[in-house]
Amino acid sequence: MNIESVDRGLAGLNPPQRRAVLYDGGPLVVFAGAGSGKTRVITHRVAHLVAERGVAPWNVLAVTFTNKAAAEMRERLERLVGPGARDLWVGTFHATCARLLRRYAKEIGIARDFSIYDDGDTRAMIKRVVADLALDERRWDPKYVAGRIARAKQEVQAPDAMELGSAVEEPLRSIYTRYEEKMRAANALDFGDLIYRMVVALETDAGLRAELSQRFRHLLVDEFQDTNQAQYRLVRALGASHRQLTVVGDDDQSIYRWRGADRRNLLAFRDEFSEAATIKLEQNYRSTQRILRAANAVITRASDREPKELWTDNPEGPKLTVLGCEDDRREAQLIVHAVEELRGAGRGLDEIAIFYRIHAQSRGVEEALRAANVPYRIVGGMRFYDRAEIKDLLAYLRVVANPADDVSLLRILNVPARGIGKRSIEVLLDLAASRGGGVYEAIAATVAEGGAAAKKLAPFVGLIEALRRQKAEGAPLAALGYAAYADSGYEGWLNEQDSPDADARKQNLLELLGAMQLAQEDDAELDLAGFLERVTLDAGDQAEGEEGEKLTLMTVHAAKGLEFPVVIVAGLEEDTFPFRRTQEPLDVEALEEERRLAYVALTRAEERLLLTWARVRRFFGRDVRYMTPSRFLLELPAQDVSFAGIAPTRAATRPSPAAWIEPPARRPRAAPGDSYVDRSEGTDEGGGAYVGMKVRHGKLGLGRIVRLDRTSPPRAAVDFGDGGLRTIQLSYLSPA
DNA sequence: GGATTTTTTCTTTTT
DNA sequence: GAAAAAATCC
């Protein structure tokens, strides 16, 4: 990573960078190409405002998208501005809004101690809503519904304004409505709410708008091409009056369309703030000529981009390497070989990063690295705070902090087991519904009434009450956490199990308690709600083990904003990168985003770039699929690339989709009731199945095959009529 | 009611 | 190949 030797003052800045730092005339748009010193411009601009123009630090708000970016910005600002940097408002959109929502809870009309629901909690809530409304969970899959509600919030659409594809989607609106009611009852906000609620509050309450515009006299937004509608409106509401707005972005690096981001916001901003000045940063300080040419070759094929030409004074550098491998295991091995070679040549492990398109690709590489004893760390992925035991303990704490938090309550009510089973929970839910209150109140009422049910519930109520008392008495965070861990019986439960798995869980929980203690030592003001907010909004990297030089593994998305001397990008195959969901066509917009993502990947590299692909890839540990090289590989400038292993030619192209479909050749030879495939044999190509054949599935009943997939094991898409179209392994089907 | 075994599904990308 | 869901056993 670059060392900033001349970070102080303006000496280290080139003319456009300097203009961006010093600009003093209202709204400013900075188009900042990859590696053009964007963060440096933002931090220097903030420092300039505070040090030279006499702006108070607490009047400056700088917004980023990721916690990583926010942390880096804060760190650099502390170096530039000194202790005053502590009073700057620097944070992600979500964290900033959460902070404001708590501070202005009263004005906005929410309770200050709200819980923040992550995707899992949100889905659990939607599941309950779908059940409440007696809708079919298969049709209204909580994950899908959550996506739709999230999108509505990104577009600032209340339930009655929700956009629907057609009338058959009408239930979505009911689900959304009911969901909002239940969230309010649970005193909970989801990720989308944090922005959405803040926007609505600002747009409807002129007083609040005036106050916050006054507070944030200068507003800077990083990665503006990744803003969605709600975030755009938030920025507008805060900045429209004083117009001291600086937005920085690069339409070529817009990679969050799926999260509602609209890269046209960058252009929309220029229209709306028509007096805005535009400054383009086009000199790249990061990469070699070759790397930049390769990246440019990929991005110039994108359509509809703001014209710009990235250039560099850096040396030509070595050629890129493209490595074709037989299969994914070999790919992982060869990557590890390359890493060891680089190490032998004097590279530190912290100078090397491996990127992949999806997290699932990490496993293979991890195995090879472990086998070779190469230390590594993974950014993102299965996060520490996603582990079941961690979420359990946090759920206890959330119930303590927010009595109305039903989702957390239901999570832990019977964990560890207290004899409160499905039936009892149903009764409690009914009781809560009929009393019109929360589940906890229903439990308390049941206990007060006495009787058989009360016997099992009373200790639980006692536990929660005791914890609440400790919290009210000002117990330190870690003490509260330990009390929840020990007194809930969780500790004893794990002790009983005496398995390696239980030991690992104990270890994780102790780590969480340690983290609580550290967090409070760091910030004495931090209360329980604040801690819970932090762990929800900043899932953090997996717990850092022992220190030391480590190789970094992450998705390309996680890599945005970072740079490494050596970058290895794995899995450059069609359908892997560019990614395509099985059976879904890759639409033009999605492909464009994959292209920008590839551009992001390539532009992370300073000196060396190794791109790998595998001809065969295994999925789900079993499926085998034949891959073809990514189109992005084929687009690289030949003079800048050296090829190793299997050559990536178009000739290696996959058989056309038609060839994938088994021709309707043989008639079924099996008698009804037989299975087509011996279930111990995963290699059978599909026996006598053919398109159009009638089949029976144990659960789904009768259906007709509409497509055969020559995967291993073979699968078929089967139309079950009312049951819908499903893709199922042939081994689960029998002739009908 | 709860624990244990088996079956089934699941893979973008993140706050 | 792991996590979630379902089925089965105690």
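Everything numeric in this text was worked out from a predicted model, so none of it was measured. In the text below, chain A, chain B and the rest are named by the order of the sequence lines, each starting its count at 1.
Between A:Lys560 and B:dT15 there is no side-chain N or O to OP1 or OP2 distance below 4.0 Å. Between A:Arg357 and the phosphate of B:dT12, there is no side-chain N or O to OP1/OP2 separation shorter than 4.0 Å. OP1 or OP2 of B:dT15 has not a single side-chain nitrogen or oxygen of A:Thr66 nearer than 4.0 Å. Proximity of A:His94 to the phosphate of B:dT14: no side-chain N or O atom is located under 4.0 Å from OP1 or OP2. Listed pair A:Lys127 / C:dA5 meets the phosphate criterion, a side-chain N or O lying under 4.0 Å from OP1 or OP2.
Remark: ring of A:Trp258 overlaps the six-membered base ring of B:dT13 in a stacked fashion, centroids less than 5.5 Å apart, planes less than 30° apart.
Using a 4.0 Å cut-off between charged side-chain N and carboxylate O, A:Glu180 and A:Lys153 make a salt bridge. Salt-bridge formation is not detected for the pair A:Asp250/A:Lys38: no Lys NZ or Arg NE/NH1/NH2 atom is positioned less than 4.0 Å from an Asp or Glu carboxylate oxygen. Here A:Asp262 pairs with A:Arg264 in a salt bridge; the nearest charged N to carboxylate O distance falls below 4.0 Å. With salt bridges taken as basic N to acidic carboxylate O contacts below 4.0 Å, none links A:Asp327 and A:Arg330.
Residue A:Glu594 places its side chain closer to B:dT12 than to any other of B:dT15, B:dC10, B:dT12. Closest contact between the side chain of A:Ser424 and the listed nucleotides B:dG1, B:dT11, B:dT15 involves B:dG1. Among the nucleotides C:dA2, B:dT14, B:dT12, the one closest to any side-chain atom of A:Lys143 is B:dT12. The side chain of A:Phe579 sits closest to B:dT11 out of C:dA5, B:dT15, B:dT11. Closest to the side chain of A:Phe191, out of B:dT15, B:dT12, B:dA3, is B:dT15. Between B:dT15, B:dT14, B:dT12, one nucleotide has an atom nearer to the side chain of A:Ala558 than all others, and that is B:dT14.
Counting non-hydrogen atoms under 4.0 angstrom, A:Ala360 reaches a base of the nucleic acid. Across all strands shown, A:Arg618 has no heavy atoms under 4.0 Å from either base or sugar-phosphate atoms. At the heavy-atom level, A:Asp118 lies nowhere under 4.0 Å from the strands shown. Residue A:Tyr256 is classed as a sugar-phosphate contact, given heavy-atom separations below 4.0 Å to backbone atoms only. A:Ile420 comes within contact range of the sugar-phosphate backbone alone, with a heavy-atom separation under 4.0 Å but no base atom that close. In this structure, A:Phe65 reaches the sugar-phosphate backbone alone: every heavy-atom distance under 4.0 Å involves primed, P, OP1 or OP2 atoms, never a base.
When the C1' atom is used for both C:dA5 and B:dT12, the distance is 23 Å, rounded to whole Å.
Atom CD in A:Gln361 sits about 12 Å away from atom P in B:dT12, given to the nearest Å. Rounded to a whole Å, the CG atom of A:Asp121 is 16 Å from the C1' atom of B:dT14.
The number of heavy atoms from other shown groups lying within 6.0 Å of CZ (A:Arg329) does not exceed 12.
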